[in-house]
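In this text, all values refer to a predicted model and were calculated from it rather than measured experimentally.
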Amino acid sequence: MSDKGDIRLTEEVGRVARACGAALVGCADLQGLAELPRGVAVAVRHSPEVLADPDKMPNQAYSQEYVTLNERLTHLATEIAAALEASGHRAIANSATHHRIDPERLAAPFPHKTAATRAGLGWVGKCALLVTRELGPGVRLGSVLTDAPLVVGEPVVASECGDCTVCVEACPAGAVKGEEWYPGRP
């Protein structure tokens, strides 16, 4: 192990995540942001067919996929946490947050997007979704908090949306206001 993190443990976490269906996985420095100093962010891909027509959303296919992806994220987070615990570290699986959202603030105890941006997986778009270079905004997220000395990614500290307003124009409900994201924005 170096002062920059345990490469073998980080690679093992990646193998576990990919074996459980993660499309993207990254590790983040969360010191001062969460109850444990490191995080593992995982993303699973939405079916492009289900997302193909935003004018017909949400629909039954989307609702069914939402449940399926949440189950996959719960499994992913649980398996990653188990692997970290087996290596002697503390780990807290933060699966999909649909059941843990504070109804007053519409906020989760720890935002998966924070782990994902700090791990370098992408930025928060004008639609308030994580946008990745590989998959755009077509992902759902989960995370694991840990004290394991993982090798962390380079945090994304700025939006790459620029002048793009595709998400604003595509939102059938008109809910996307197109505001720029920056780290720490509520």
State the [atom1]-[atom2] distance between [X] and [Y], to the nearest 0.5 angstrom.
{"X": "L141", "Y": "L129", "atom1": "CG", "atom2": "CG", "answer": "9.0 Å"}
{"X": "L30", "Y": "F110", "atom1": "CG", "atom2": "CZ", "answer": "4.5 Å"}
{"X": "L33", "Y": "T114", "atom1": "CG", "atom2": "OG1", "answer": "7.0 Å"}
{"X": "L145", "Y": "L84", "atom1": "CG", "atom2": "CG", "answer": "10.5 Å"}
{"X": "H112", "Y": "T117", "atom1": "NE2", "atom2": "OG1", "answer": "13.0 Å"}
{"X": "L24", "Y": "R18", "atom1": "CG", "atom2": "CZ", "answer": "10.0 Å"}

- [ ] Can you spot which of L9, D6, L150 makes a side-chain contact (heavy atoms from CB on, under 4.5 Å) with H89?
- [x] L9

TODO: Report the residue from V13, V25, V144 that forms a side-chain contact (heavy atoms from CB on, under 4.5 Å) with V42.
DONE: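 The single option meeting the side-chain contact (heavy atoms from CB on, under 4.5 Å) with V42 is V25.
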
Closest non-hydrogen atom pair, [X] against [Y]:
{"X": "L135", "Y": "A23", "result": "CD1-CB, 3.8 Å"}
{"X": "L130", "Y": "A116", "result": "CD2-CB, 3.7 Å"}
{"X": "R45", "Y": "L69", "result": "O-CD2, 3.8 Å"}
{"X": "V156", "Y": "P183", "result": "O-CG, 4.2 Å"}
{"X": "C27", "Y": "V40", "result": "SG-CG2, 4.3 Å"}
{"X": "V44", "Y": "A22", "result": "CG1-CA, 4.3 Å"}

Would you call [X] and [Y] a salt bridge, using N to O less than 4.0 angstrom?
{"X": "R38", "Y": "D147", "answer": "no"}
{"X": "E11", "Y": "R8", "answer": "no"}
{"X": "K126", "Y": "E180", "answer": "yes"}

When you measure from the side chain of [X] to the backbone N and O of [Y], does any donor-acceptor pair fall under 3.5 Å?
{"X": "S143", "Y": "A115", "value": "no"}
{"X": "T146", "Y": "G39", "value": "no"}
{"X": "E65", "Y": "S47", "value": "yes"}

Task: Joint hydrophobic cluster, I80 plus L73, side-chain heavy atoms closer than 4.5 Å - done: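 Yes; tracing contacts between hydrophobic side chains, which count when under 4.5 Å, links both residues.
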
Open item on the list: Applying a strict under-4.5 Å side-chain criterion to I, L, V, M, F, W and Y, I'd like to know whether V131 and V124 cluster together.
Closed with: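 Result: yes, single cluster for both.
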
Open item on the list: With a 6.0 Å cut-off (strictly less than), is the heavy-atom count around CZ of R15, excluding the residue itself, greater than 12?
Closed with: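 Atom CZ in R15 is packed in, count exceeds 12.
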
- [ ] For residues C161 and W181, determine if any side-chain heavy atom of one lies less than 4.5 Å from a side-chain heavy atom of the other.
- [x] no

Donor-acceptor contacts under 3.5 Å from residues 163-178 side chains, at least two apart:
from: T165; atom 1: OG1; to: E169; atom 2: OE2; distance (Å): 2.5
from: K177; atom 1: NZ; to: G174; atom 2: O; distance (Å): 3.1

Task: Qualifying residues under salt bridge (charged side-chain N to carboxylate O under 4.0 Å, His left out), relative to E160, sequence neighbours excluded - done: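 For E160, the residues satisfying salt bridge (charged side-chain N to carboxylate O under 4.0 Å, His left out) (neighbours in sequence not counted) are R133.
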
